[in-house]
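Take a look at the structure below.
So you know, we letter chains A, B, ... as the sequences are listed, proteins then strands, and number each from 1.
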Amino acid sequence: MVLDIIFAKYNYIIYITLMTIGFYGMIGKRNLIKKLIGMSIFQYSIFLFYVSAADVSGGTAPILLKEPAVYVNPLPHVLILTAIVVAVSTLAVGLSLVIRIYKEFGTLDEDKIIELSR
Amino acid sequence: MITDHLSVLIIAVGLLGAFFTPIIGLIRKEMCSLWASFIILLQFLISIFLLYQVIIAGNISYWLGGWEPPWGIEYAVDLLNAFVLVIVAGICFSVSIYGRKSLGFEVPDKELPLYTLYILLTTGMLGIVVTGDIFNLYVFLEIGSLAAYALIAMGGRHSLTASFNYMIMGTVSASFILLGIGYLYVMTGTLNMADISALLPSLYGRPVILVAIALLVVGLSIKTALFPLHTWLPDAYTHAPSAVSAVLSGTFTKVGIYALIRVMFTVISPSYVIETVPVMSILSWVAAIGILAGSLLAIAQYDIKRMLAYSSVSQIGYIFLGIGMANKLAMTGGILHILSHSLMKVGLFMVAGAIIYRTGIRNIYQLKGMGKKMPYTMAAFVIGALSMIGIPPTIGFASKFYLAWGALGAGEWVFVVVILLSSLLTAVYFWRIFENAFFGVHEDIKKDEAPISMLLPILAFAVITVLLGLLASLPIGIIEQWVTGVLP
């Protein structure tokens with residue numbers, strides 16, 4: 001019974017797991033780069049949710065075929081393309097901030113940065 | 001007719017303007033700020049025209065590319081949208097004039113990225129307000145946020161870590177919003193706000209809708225810096241360039257509140273969030289705690305910008321309190337407080353920027369004699385502070401009056417006490433500045449006023465704060481009409 005749910009909905013379980021890992025990375029890690037990695041995992045887990053929700057079992061790609069066929073829902077994929085662009089830009093801003101912080105403070109450790117900026 | 005396309009032009013003008021800013025900057029660097037002011041002036045004029053059109057002819061619905069909603073993206077403008085549009089565009093325009101000197105001093109030789117980002121920030125905020133598509137709202141929110149992170153990071157050494165923390169918090173909030181939108185989309189199969197609100201009532205029993213509401217409320221509360229989630233705000237506002245702090249405090253948090261109102265009261269029906277699930281009363285209690293906590297924290301600060309930042313946390317509580325009580329009077333007061341807090345807080349931040357520009361002083365105990373040195377600037381500061389405390393005839397009095405009246409009408413005595421107590425606390429933390437600036441030691445201090453391009457916007461905000469306080473029936477009329485249409 002429980003196993004059935006796990007096997008039927010495993011991608012949703014993976015999405016929640018990834019989200020938790022990303023959240024931990026953002027909060028628990030003291031290194032700024034690791035925080036950024038956590039942030040990316042957090043964002044990408046949501047993309048997995050969207051794409052999983054779009055899936056139709058046995059569905060093909062949403063292109064025009066001669067005979068009628070079952071399609072997966074294309075709209076979430078398009079939304080996630082937009083969201084990926086947003087995530088990449090956020091990561092770029094984050095990394096450039098990290099470079100500036102490293103030049104300014106000489107370290108990426110959050111505790112040391114807090115000490116230095118007193 | 002071009003007037004049919006105004007609701008999309010307000011975005012298109014901004015995006016094109018931001019694109020051409022670096023090109024203009026390559027020809028002549030000094031032109032950048034003028035160009036930004038010009039573009040934002042255009043957006044301001046369009047927003048005024050949109051408000052006029054909505055008042056005259058009713059709601060505007062624009063179909064992007066001619067695709068009929070719910071398949072295409074719709075830009076829907078009603079009274080609330082148009083009202084917030086005018087506030088946002090107006091403030092961005094005034095601060096862009098002010099910022100010519102202020103930003104030139106605090107962020108020298110970075111005109112190209114600075115003004116490109118400034119226009120993008122404005123456009124992102126206007127986009128959040130004008131759109132009628134819930135995913136579009138997320139995209140504009142991220143455009144605005146990314147511009148804001150970069151703008152904050154231009155403030156120097158300490159602003160880098162402030163911006164990094166804001167980015168982490170902001171990304172968590174945006175991800176929650178995206179996830180909430182995803183849950184709503186999975187349940188209804190549409191992204192158009194009007195369409196979702198038509199399809200949702202049959203689904204209200206499902207737990208997924210509850211999760212979606214929880215995610216959206218938490219996400220937007222981080223963006224608006226509601227009290228326990230405000231931790232990014234003080235650092236970001238303190239260390240950002242003064243003009244950027246002014247814009248962010250005046251408009252960015254307000255736009256988040258607008259999004260929350262839009263999602264809670266028009267996408268999800270008011271009766272569900274008020275009666276079935278007590279989201280709104282929880283929000284109002286959190287806001288009441290935030291009002292007091294923000295004021296108390298502000299009293300403990302000695303940096304003028306940090307004090308204003310904590311004061312923002314407290315004032316955002318007022319807006320949430322009004323929305324959370326969700327009766328007509330309190331809601332009107334809450335939405336009016338969006339306008340009044342924008343006006344006075346932008347004015348106060350601009351004064352802080354002018355003081356930093358002239359003297360470099362940030363500690364409020366070193367402001368002695370400032371009343372003699374910069375009389376007009378400090379006069380504007382006094383008016384803004386009086387409006388903050390809620391003394392008639394300023395606009396701050398009108399919105400606090402409506403909030404208290406609404407709380408009395410709902411029989412919420414605790415909230416009335418909170419509003420009055422916080423007004424006293426506000427008086428306490430502004431009094432320290434009055435005392436130092438006007439009643440300090442009287443040495444021979446020469447008058448050394450801020451330059452005219454900074455002084456004009458500051459005085460304009462002070463005058464408008466008083467004028468709108470006298471003519472408060474104008475904005476109240478618009479808001480009341482919207483509130484009556486939404487609340488049962």
So which of A:Val98, A:Val93, A:Leu79 has the biggest tally of heavy-atom pairs under 4.5 Å with chain B?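 The option with the most such pairs is A:Leu79.
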Would you mind telling me which of A:Ile114, A:Leu36, A:Val85 has the largest number of heavy-atom pairs within less than 4.5 Å of chain B?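 Looking at each of A:Ile114, A:Leu36, A:Val85 in turn, A:Leu36 comes out on top.
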How many angstroms lie between CE in A:Met39 and CE in B:Met169, if you round to the nearest 0.5 Å?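 Reported value, rounded in 0.5 Å steps: 14.0 Å.
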Within this structure, what is the CZ-CG distance for the pair A:Phe42 and B:Leu179, rounded to the nearest 0.5 Å?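 A:Phe42 atom CZ to B:Leu179 atom CG measures 7.5 Å (nearest 0.5 Å).
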For B:Leu191, is it the side chain, the backbone, both, or neither that has a heavy atom closer than 4.5 Å to a heavy atom of chain A?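 Contact with chain A involves the side chain of B:Leu191 alone.
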Check whether B:Phe135 gets within reach of chain A through its side chain, its backbone, both or neither, counting any heavy atom under 4.5 Å.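 Interface part for B:Phe135: side chain.
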Record all donor-acceptor atom pairs with a distance under 3.5 Å between chain A and chain B; write none if the list is empty.
unit_1   : atom_1 : unit_2   : atom_2 : d
A:Tyr15  : OH     : B:Tyr183 : OH     : 2.9
A:Tyr50  : OH     : B:Leu178 : O      : 2.8
A:Tyr50  : OH     : B:Gly182 : N      : 3.0
A:Asn73  : ND2    : B:Tyr185 : OH     : 2.9
A:Glu104 : O      : B:Arg157 : NH1    : 3.4

Tell me, side chain or backbone of A:Ile113 under 4.5 Å from chain B's heavy atoms, or both, or neither?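 Answer is side chain: those atoms of A:Ile113 sit under 4.5 Å from chain B.
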Could you tell me which portion of A:Leu32 (side chain, backbone, both or neither) has an atom closer than 4.5 angstrom to a non-hydrogen atom of chain B?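 Both backbone and side chain of A:Leu32 come within 4.5 Å of chain B.
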